[in-house]
Each structure stands twice: as structure tokens, then as C-alpha cells.
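The structure presented is a predicted model; accordingly, all values stated were derived computationally and were not measured. For the single chain, residues carry numbers from 1 onward in sequence order.
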Amino acid sequence: MMEFLAAIAIHKPKFLAMHCQEVGGKNFEECMQFVNDFVKLLLASPELQRYDRLRVYLDEDFRHSEKFTALGNFYLIHEELQNVTMWDFAEKQFVPVNDKQIHSGRIEDISTKEKDKFPQNYFPDCKWSRKGFIRTRWCIKSRIFDLINIHLFHDASNLVAMESTPSSYRNSRHKVLEHTLERFDTDEYQTVPHFIFGDFNFRLDAQAVVQRLTVQTTPVYVKTSKNELKRIMYTEKGHDDKVVLTIEKKLFDHGDKHSEAFVVDNGKWLADFDNELEEFQDRLTEYPHDFPPSYPYVEDVNDGLGYMKTRLPGWCDRVLFSHTARALIDQNHKPLYSVIGAQVCMGDHKPVILSFSLACGAPPDTGLCI
């Protein structure tokens, strides 16, 4: 929380949008009860006292698994920013935002947001998930835009992920993101510029990265008693006892060079393998990310830089936007696209921030952080 509040103090946005995924954490049945206390503590922070209006949407009702997404949307409006309205999807009109409202628990009937959980058939290998989106629509300084919180499917197995290019997981993400964008383009509501940000779970081309990391090595395949692949070990040629890379379903271990390999020069050498967004380049864009992969960091309060040896690191967390949304960004004031808490432990994901000023006649101090 300290790093987040420090970012607010530095950038001083007039409108703040924060999208969270996996509200309640991995053990949500036990921990969901603490979410509201955390929200109260956050909103009581001195850095947020001049935000006199807000809308919070917390999908916490895990008892209705067919609807549960565990998404959390926070929108805070500074006292200096006036005449902010948001769309009511039931009434099909903009309504004033003049107070503070927190919607938690079961939020299906709250009409100032649109929420959906992705159909399970898009990811048949997963028995159950919390993946979906929450959309809100805003009008600020006569500029209309959507803010969409999204959580896409993950790579369940490193071994499966590297079997093909593109991987089966990438294909699933492509289908559900295409489904979502098509829905926004064809539904009953007018299509407007949109910012879509959250955990896309975009991953690097695992097959190609492994090939780069294992030049001059010999693969050793270990199978189970059922003849299923369990592990691949790449040993240095001529030195069978020196393991360069070990891969299992939930293990990706590059040995002593593991974290260093992915943070050197902010991971720029990995950019050639970060290509999931290319399939949507006619509809979505992104500022260059001059920061290392946002996932999976070790969850150790004494280590803010190391990666867990569970997955191939990747830029899972992103702020994307439609090409029409670029016109809303004041290009005379260079936007900031970075991570919060680059040097400290923030959990297994580093939060990503896009800070910019509204263009097209909006006052120069109308800053937004998302």
C-alpha cells in the first residue's frame, strides 16, 4: 500500500482508476472477510482525502461460482475535478457522480457497471476459474471512454506451453479476448474509446525462449510410470552434470542465472518473444514497456527483484487501449508507463501504471492514473 500511495503523492491525478484481480487472494474463502477492512484502511489514507467522490465495485460473492470473477474496480475523483458522470447500463444514460459509493459482495444488480464471467468452454482444460471483466463508462470534460478490468486465462503447465507456437493457452486467450472486444463493438451501447487493463496473462513464446536459453545443451526427458512427460533437463554439452535449465509443469528453473537473465536491461532481449498483442494490433495498442516482466516475482518482503522459479517471466499485467483512445491522451505531456514498487516486494505481480493528461481541450492539470 505504501508504494501505491507514494505514486499517488507523486503524480497527483485528478482521476484515479485502479483495477484489481483475484480480490481476496488465492484463499478467497478464508480471506474475503478482510477485503472490506483493507478498503476502509486504504481510503482513510491521508493521500486520498482530497478525493471526495468514488465508485468501488468488489465482486466478492464466491458462493455463486457461475458469476464470481473476484475483480475489483476503484475509481476516485479529486475535489478539483467537476462535472464527472458515468453510464447507467440499465437506464442507458449518464448519471452524475456526486458521492462515495462502495458496492461489494454480490454486485450483479448494480447498473453503473457491466460484468461478465468468461464461458468455461474457452478454457476447457481448467475445471473452474474466476476469469472475466467489469466495464464502466465515464464522461470527463466532455470526453467519453470505457474503463475495462480484465483477467484472462493463465498457462497451466510450462510443458504444454512450450509444445507449440502459438501455445494452446495463447489460442484460448486470443479467443476470449476476441469474443470480448467483439461484444463491445456489437452490443446495444455506442462504441467509444476504451482502456482495457488488468491481468491479461500474456506470456512469452516459451518454445522460442527455451531455444535461446539452451543453445549448446542436450535435453534429458524424464517420464512418469505412466509414460507421461514429467521433466526436461537441459545439460551443457560435454558437462552432463551441469544443468542449464529445468522445466516441469510448475517449474521453470534457469539455475543461478534465473532472475538476472530476465531483468538485465529491463528484459529488452525478451521483447522479440512478447508477441501475443500482435494479433490485436489493428484494435489495441500499448506504450512501450521499459520495465522487466511483471510476473512472477518471489513473495519475499526482503526481495523485490527476484523471480520465482515457477513460470517463464512475462508481461502479464498491461494497460492497453483502443486506437481511438490515443486521441484522448495529451501527447505534449509524455505519459508514464511503468510499474509501482520496482525495487520492493509487491506480491507475485508488479502493479502497472499509466499516468497521462487528457487532451482535446481538457485543462492541462486533468491528470489520470490507471
Where is the tightest heavy-atom contact between [X] and [Y], given as atom of each residue plus distance?
| X | Y | result |
| --- | --- | --- |
| His323 | Asp282 | CD2-O, 3.5 Å |
| Asn149 | Gly198 | OD1-CA, 4.3 Å |
| Asn158 | Leu312 | OD1-N, 4.3 Å |
| Asn266 | Pro292 | OD1-CD, 3.3 Å |
| His333 | Ser357 | CB-OG, 4.4 Å |
| Leu354 | Pro335 | CD1-CB, 4.1 Å |

Should the pair [X]-[Y] be classified as a salt bridge under the 4.0 Å nitrogen-to-oxygen rule?
| X | Y | answer |
| --- | --- | --- |
| Glu228 | Lys249 | no |
| Glu66 | Lys117 | no |
| Asp59 | Lys113 | no |
| Asp199 | Lys131 | no |
| Asp348 | Arg311 | no |
| Glu114 | Arg137 | no |

Can His19 and Tyr75 be counted as having a side-chain donor-acceptor contact under 3.5 angstrom?
yes
Pairwise side-chain contact, [X] with [Y], heavy-atom cut-off 4.5 Å (strictly under):
| X | Y | value |
| --- | --- | --- |
| Phe153 | Phe200 | no |
| Thr69 | Phe133 | no |
| Arg203 | Cys316 | yes |
| Leu54 | Phe74 | no |
| Val160 | Ser168 | yes |
| Asn302 | Cys345 | no |
| His78 | Lys12 | no |
| His254 | Val244 | yes |

Between Phe280 and His174 (judged by ring centroids, cut-off 6.0 Å), do the two rings come close enough to count as a pair?
yes
Indicate, with yes or no, if the rings of Phe195 and Phe356 have centres closer together than 6.0 Å.
yes
Sub-3.5 Å donor-acceptor pair from the side chain of Lys92 to the main-chain atoms of Phe89, do we have one?
no
Look only at the side chain of Lys350 and the backbone of Gly341, and say whether a donor-acceptor pair between them is shorter than 3.5 Å.
yes
Taking the inter-plane angle between the rings of Phe321 and Tyr287 on a 0 to 90° scale, is it parallel (under 30°), tilted (30 to 60°) or perpendicular (over 60°)?
tilted
Measure up the His289 and Trp315 rings against each other and bin them: parallel (under 30°), tilted (30 to 60°), perpendicular (over 60°).
parallel
Other residues, nucleotides and ligands only: do more than 12 of their heavy atoms fall within 6.0 Å of [atom1] on [X]?
| X | atom1 | value |
| --- | --- | --- |
| Arg183 | CZ | yes |
| Asp256 | CG | no |
| Gln49 | CD | yes |
| His239 | NE2 | no |

Apply side chain to side chain contact (heavy atoms under 4.5 Å, CB included) to Thr165 and list each qualifying residue two or more places apart in sequence or on a separate chain.
Asp205, Gln207
Check the pair Asn36, Leu58 against side-chain contact (heavy atoms from CB on, under 4.5 Å), reporting the backbone distance first and the verdict last.
CA-CA 9 Å; Asn36 287 345; Leu58 298 169; 3.8 Å; yes
Which of Arg170, Lys250, Arg173 passes salt bridge (charged side-chain N to carboxylate O under 4.0 Å, His left out) with Asp155? It is Arg173
